[in-house]
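Report on the following structure.
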Amino acid sequence: DKSYIGGWDKRVQSLCNVINSSKDMYTTSSCSGRVILKQLNIEKQQNVFLFTSHDLVSFDEVQFCIENIETQNFPLELLQESLILHVAVRDIEKAIDFISIAKQSSCNQCGIISVKNWGVIVEIICDIKLQSLILSKDFFENNQEYFEEIIFIMNDNLKNNWEIISKLKTNLEIKLD
């Protein structure tokens with residue numbers, strides 16, 4: 001798995017195992033969903049995230065992180081992202097079948113992103129996501145109730161996303177047998 005963390009995070013591992021048990025496909029990258037705090041407009045690269053969690057987060061965790069960020073690093077983005085998978089599939093027909101199963105499992109952003117002579121790359125994204133701007137430490141502190149609610153919604157989104165991962169795993173197990 002060529003994901004950013006170099007392997008599977010625990011909540012997507014069993015889904016990847018099901019996909020990789022097939023003779024017709026394998027995962028090339030995966031993420032079960034996460035909460036990220038990063039500088040605004042900084043492109044994804046190693047060590048760009050100021051905070052990352054693939055688990056539920058508390059307001060206190062985010063607040064602690066923000067309190068320790070230098071003023072010149074603001075504004076910040078607080079993001080909650082959901083499942084993303086990149087899967088190499090043997091051929092177009094198998095890719096279409098895989099996309100159909102993913103859509104039936106509530107992954108509503110699915111498609112073929114590359115076709116090679118050896119197969120097809122499919123991208124599966126669950127688009128349950130949320131992002132918020134944090135202009136400064138003072139802005140965060142003065143809007144604590146707002147950010148508590150944002151973090152509550154992000155955690156709820158992650159839980160819904162994890163249910164979709166479970167549904168996709170179950171649907172794949174049924175269809176791949």
Side-chain angles (χ1 to χ4, degrees), residues 1-16 27-87 99 102-111 113 121-171:
D1 191 291
K2 295 182 180 176
S3 65
Y4 179 71
I5 61 173
W8 298 315
D9 55 270
K10 65 183 176 186
R11 296 194 190 271
V12 78
Q13 186 168 2
S14 63
L15 171 60
C16 290
T27 58
T28 61
S29 68
S30 62
C31 179
S32 68
R34 60 192 176 181
V35 174
I36 302 166
L37 185 64
K38 71 179 202 76
Q39 284 181 267
L40 185 65
N41 296 327
I42 300 290
E43 292 301 314
K44 185 177 171 182
Q45 53 186 288
Q46 198 145 3
N47 300 324
V48 73
F49 301 137
L50 305 168
F51 173 82
T52 303
S53 177
H54 289 87
D55 295 311
L56 302 179
V57 298
S58 69
F59 176 83
D60 292 341
E61 286 176 285
V62 176
Q63 183 178 33
F64 177 79
C65 185
I66 288 172
E67 288 171 353
N68 291 294
I69 294 172
E70 309 252 344
T71 303
Q72 72 266 19
N73 289 326
F74 285 85
L76 305 174
E77 283 181 286
L78 180 62
L79 300 110
Q80 171 268 309
E81 300 174 327
S82 291
L83 171 70
I84 184 167
L85 288 172
H86 291 101
V87 179
I99 289 167
K103 287 187 176 196
Q104 291 168 8
S105 303
S106 301
C107 296
N108 42 11
Q109 193 174 335
C110 310
I113 60 170
I121 300 293
V122 172
E123 181 176 68
I124 304 295
I125 299 175
C126 179
D127 70 355
I128 302 171
K129 58 187 171 184
L130 182 61
Q131 67 186 77
S132 184
L133 185 63
I134 302 172
L135 298 172
S136 66
K137 289 181 189 184
D138 288 340
F139 179 78
F140 185 79
E141 290 169 12
N142 292 334
N143 294 284
Q144 180 173 343
E145 285 183 31
Y146 169 78
F147 284 105
E148 286 173 344
E149 183 64 22
I150 289 293
I151 291 167
F152 175 83
I153 294 168
M154 287 179 169
N155 285 332
D156 200 45
N157 285 353
L158 284 174
K159 290 176 196 173
N160 290 334
N161 173 67
W162 297 333
E163 289 176 16
I164 290 170
I165 290 171
S166 178
K167 187 191 316 185
L168 177 56
K169 176 185 170 274
T170 299
N171 288 344

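The first residue of the sequence shown is numbered 1, and numbering continues consecutively from there. No hydrogens, no waters, no symmetry mates; every other heavy atom, side chains included, goes into these values.
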Does the side chain of N108 reach to within under 4.5 Å of the side chain of I125, using non-hydrogen atoms? no
A side-chain contact here means heavy atoms from C-beta on lying under 4.5 Å apart; do L133 and L135 qualify? yes
All heavy atoms of N155 vs all of V57, minimum pair found to be ND2-O, 2.6 Å
Does the pair L15 and T27 meet the rule for a side-chain contact (heavy atoms from CB on, under 4.5 Å), with working shown? CA-CA 10 Å; L15 171 60; T27 58; over 6 Å; no
Taking the basic N atoms (NZ, or NE/NH1/NH2) and the acidic carboxylate oxygens, is any pair closer than 4.0 Å for K129 and E81? no
Give the C-alpha distance, both sets of side-chain angles, the deciding distance and a yes or no for side-chain contact (heavy atoms from CB on, under 4.5 Å) between C31 and L83. CA-CA 6 Å; C31 179; L83 171 70; over 6 Å; no
For L79 and E77 the tightest heavy-atom approach is CD1-CB, 3.6 Å
Could you check whether the rings of F147 and F139 sit parallel, tilted or perpendicular, using 30° and 60° as the cut-offs? perpendicular
Using every non-hydrogen atom in the two residues, find where C110 and I99 come nearest and quote the distance to one decimal. CB-CG2, 3.8 Å
Return the minimal non-hydrogen interatomic distance between F74 and I134, and the atom names on each side. CD2-O, 3.7 Å
Please determine if D55 and K10 form a salt bridge, counting it only when a charged side-chain N lies under 4.0 Å from a carboxylate O. yes
Aromatic centroids of F140 and F59 separated by under 6.0 Å: yes
I69 side, atom CD1; K38 side, atom NZ - distance, nearest 0.5 Å: 12.5 Å
Cut-off 3.5 Å, side chains only: do K167 and S106 have a donor facing an acceptor? yes
If you take all heavy atoms of L50 and C65, which pair is closest and at what distance? O-SG, 3.4 Å
So V35 and I151, do their side chains get closer than 4.5 Å, heavy atoms only? no
Verdict with reasoning, M154 to L158, per side-chain contact (heavy atoms from CB on, under 4.5 Å): CA-CA 6 Å; M154 287 179 169; L158 284 174; 5.7 Å; no
Given side chains that start at C-beta, do those of L56 and K159 come closer than 4.5 Å, heavy atoms only? yes
Ignoring hydrogens and geometry beyond distance, is a side-chain donor-acceptor pair present between N157 and Q80 at under 3.5 Å? yes
Inspect the surroundings of CD in E67 and state if more than 12 heavy atoms from other residues, nucleotides or ligands are less than 6.0 Å away. yes
Look up atom CZ in R34 and atom CZ in R11, then write down how far apart they are to the nearest 0.5 Å. 15.0 Å
If only side-chain N and O atoms count, and only distance matters, is there a donor-acceptor pair under 3.5 Å linking T28 with H86? no
Can you tell me if D9 uses its side chain to pair, donor with acceptor, with the backbone of H54 under 3.5 Å? no
Straight-line distance of I84 CD1 to S30 OG, nearest 0.5 Å: 10.0 Å
Using 0.5 Å steps for rounding, measure from the CH2 atom of W162 to the OG atom of S82. 10.0 Å
Point-to-point distance, once rounded to the nearest 0.5 Å, from CD of Q39 to CD of E70: 10.5 Å
Rounded to the nearest 0.5 Å, what separates atom SG in C126 from atom CD in E163? 10.5 Å
Can you give me the closest heavy-atom contact between I164 and C107, atom names plus distance? CG2-SG, 3.7 Å
Find out whether Y146 and I150 are in side-chain contact, i.e. whether some heavy atom of one side chain is under 4.5 Å from a heavy atom of the other. yes
